[in-house]
S.K.: 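Before I ask anything, here is the structure I am working with.
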Amino acid sequence: METPYRDRVAAGEALASRLKHLADRPDVVVLGLVRGGIPVAAVVAAELRVQLDVLVIRKLGLPSEHEVAFGAIGPDGVQVLNAEVAGRLDPEEIAEVVRAETEELQRRAELYRPGRPPLDLRDRTVVIVDDGLATGATIRAAVMVCRRLCAHRIMVAVPVGSVGACSAVSAVADELLCLLRPADFRAVGQFYEDFEQVSDDEVTATLSGRG
């Protein structure tokens, strides 16, 4: 099977082509999820000529399988749990993962948004962008954060997602744009030729306009 996306830039271009109705709107802000969503979001924001910002959300991974998420956390104490997966853990294990990921969330927030005021989404149309949807927990936490920040409308835009994750995200977002929903979804990376991990330096460079 041909891989749909060359890299995250190509994925961002594909999304932007479907979001042209949002171009040049001062009320629109594109929020990239760190780290993999930032290169995608940067292309979308640039193509649409709208504001780019970052939203720091941390996946809560199983201690034995870090890539398998049982939930996610975000700013202001937002926490989303996948009950089916979280049920494999006892409360002490969940608390330990949440503690560690909260520390990392705070570190990244300070790193990626130095000197920036808190996100102000009141009356804004928000487009949350990531490089793909696996479980949907991270995006669901992001939507909750945006609701708390009084966003007017919340759209999620991703290049690819699992059928189950898309269903879960559709239930909480005002709109979901997912370009591919393959039945054989196993992991986001299988749909990219280049799916190298995005570094902190790349994120900060992109957000400062040097990327």
S.K.: Rounded to the nearest 0.5 Å, how far apart are OH of Y5 and CZ of F195?
M.R.: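 One gets 12.0 Å once the value is rounded to the nearest 0.5 Å.
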S.K.: Check whether any side-chain heavy atom of V78 sits under 4.5 Å from a side-chain heavy atom of I73, and report yes or no.
M.R.: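 When only atoms from C-beta onward are counted, I73 and V78 do not touch, as no gap falls below 4.5 Å.
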S.K.: Does any part of the side chain of L31, heavy atoms only, come nearer than 4.5 Å to the side chain of V127, both counted from C-beta?
M.R.: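 They are not in side-chain contact.
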S.K.: Calculate, to the nearest 0.5 Å, the distance between atoms CG and OG1 belonging to D123 and T125 respectively.
M.R.: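 Answer for the CG-OG1 pair, D123 versus T125, is 9.5 Å.
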S.K.: How far does CD of E101 sit from CD of E96, to the nearest 0.5 angstrom?
M.R.: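 If I round to the nearest 0.5 Å, the distance is 10.5 Å.
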S.K.: Is it possible for you to say whether L111 and L105 belong to one hydrophobic cluster, with membership spreading through side-chain heavy-atom contacts below 4.5 Å?
M.R.: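 Per the 4.5 Å side-chain linkage, L111 and L105 are co-clustered.
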S.K.: Mind checking whether L133 and I139 have side chains closer than 4.5 Å, heavy atoms only?
M.R.: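 Yes. Closest side-chain heavy atoms under 4.5 Å.
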S.K.: Can you tell me how far CZ of R88 sits from CG of L62, rounded to the nearest 0.5 angstrom?
M.R.: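 If I round to the nearest 0.5 Å, the distance is 5.5 Å.
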S.K.: Begin with the C-alpha distance, continue with both residues' side-chain angles, and end with the deciding distance and a verdict on side chain to side chain contact (heavy atoms under 4.5 Å, CB included) for H152 and D174.
M.R.: CA-CA 10 Å; H152 170 66; D174 296 314; over 6 Å; no
S.K.: Give, for atom CD of E196 and atom CD of E202, the distance between the pair rounded to the nearest 0.5 Å.
M.R.: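 Reported to 0.5 Å precision, the distance equals 9.5 Å.
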S.K.: How close do L15 and A157 get, heavy atom to heavy atom, and via which atoms?
M.R.: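 Looking at all heavy atoms of both residues, the closest pair is CD1-O, 3.8 Å.
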S.K.: Can you tell if the side chain of D27 reaches within under 4.5 Å of the side chain of R153, non-hydrogen atoms only?
M.R.: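 The answer is no; the side chains never approach within 4.5 Å.
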S.K.: Under the criterion salt bridge (charged side-chain N to carboxylate O under 4.0 Å, His left out), I'd like the reasoning laid out for E104 against R108: C-alpha separation, chi angles, the key distance, then a yes or no.
M.R.: CA-CA 6 Å; E104 180 62 10; R108 292 194 180 193; 2.8 Å; yes
S.K.: Could you pull out the closest heavy-atom pair between P182 and G161, with the gap in Å?
M.R.: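 The pair with the smallest heavy-atom distance is CD-O, 3.7 Å.
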S.K.: Applying side chain to side chain contact (heavy atoms under 4.5 Å, CB included) to Y112 and T204, what does each step give before you reach the verdict?
M.R.: CA-CA 6 Å; Y112 301 145; T204 54; 3.8 Å; yes
S.K.: For a 4.5 angstrom cut-off between non-hydrogen side-chain atoms, does L81 reach F70?
M.R.: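 Yes; the side chains approach each other to less than 4.5 Å.
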S.K.: Under 6.0 Å from the CZ atom of R18, do we count more than 12 heavy atoms belonging to anything else shown?
M.R.: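 No, because the 6.0 Å sphere around CZ of R18 holds 12 heavy atoms or fewer from other groups.
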S.K.: Determine, using the 4.5 Å side-chain heavy-atom cutoff (strictly less than), whether V145 and V129 are members of one ILVMFWY cluster.
M.R.: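 They do not share one cluster, since no chain of ILVMFWY contacts under 4.5 Å joins V145 to V129.
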S.K.: Check whether any side-chain heavy atom of L19 lies under 4.5 Å from a side-chain heavy atom of V30, and answer yes or no.
M.R.: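 Side-chain contact under 4.5 Å: no.
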S.K.: Check whether any side-chain heavy atom of V156 sits under 4.5 Å from a side-chain heavy atom of L177, and report yes or no.
M.R.: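 In short, these two side chains do not touch, never coming nearer than 4.5 Å.
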S.K.: Given M155, which of V126, L176, L22 fulfils the side chain to side chain contact (heavy atoms under 4.5 Å, CB included) condition?
M.R.: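 Among V126, L176, L22, the one that satisfies the side chain to side chain contact (heavy atoms under 4.5 Å, CB included) with M155 is L22.
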S.K.: Quick one: closest heavy-atom pair of P159 and G132, and the distance?
M.R.: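 Residues P159 and G132, closest heavy atoms: CD-N, 4.2 Å.
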S.K.: Are any non-hydrogen side-chain atoms of V160 and P4 less than 4.5 angstrom apart?
M.R.: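 No, too far: nothing below the 4.5 Å cut-off.
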S.K.: Do you know the tightest heavy-atom contact between R6 and E193?
M.R.: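 Answer, listing the atom of R6 first, then E193: O-CB, 3.5 Å.
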S.K.: Side-chain atoms of residues 35-57: list all donor-acceptor pairs with protein atoms under 3.5 Å, sequence neighbours left out, distances to 0.1 Å.
M.R.:
{"residue": "R35", "atom": "NE", "partner": "V198", "partner atom": "O", "Å": "3.1"}
{"residue": "R35", "atom": "NH1", "partner": "D200", "partner atom": "OD1", "Å": "3.1"}
{"residue": "R49", "atom": "NE", "partner": "D24", "partner atom": "OD1", "Å": "2.7"}
{"residue": "R49", "atom": "NE", "partner": "D24", "partner atom": "OD2", "Å": "3.4"}
{"residue": "R49", "atom": "NH1", "partner": "E47", "partner atom": "O", "Å": "3.3"}
{"residue": "R49", "atom": "NH2", "partner": "D24", "partner atom": "OD2", "Å": "2.8"}
{"residue": "Q51", "atom": "OE1", "partner": "R124", "partner atom": "NH1", "Å": "3.4"}
{"residue": "Q51", "atom": "OE1", "partner": "R124", "partner atom": "NH2", "Å": "3.0"}
{"residue": "D53", "atom": "OD1", "partner": "R113", "partner atom": "NE", "Å": "3.3"}
{"residue": "D53", "atom": "OD1", "partner": "R113", "partner atom": "NH2", "Å": "3.3"}
{"residue": "D53", "atom": "OD1", "partner": "R116", "partner atom": "NH1", "Å": "3.0"}
{"residue": "D53", "atom": "OD2", "partner": "R113", "partner atom": "NH2", "Å": "3.1"}

S.K.: Let me check something: do I128 and L180 share a hydrophobic cluster, defined by ILVMFWY side-chain heavy atoms less than 4.5 Å apart, either directly or through other members?
M.R.: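 I128 and L180: separate clusters.
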S.K.: As an exercise, state the distance from CZ of R122 to CG of D120, rounded to the nearest 0.5 Å.
M.R.: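 Separation between the atoms: 7.5 Å.
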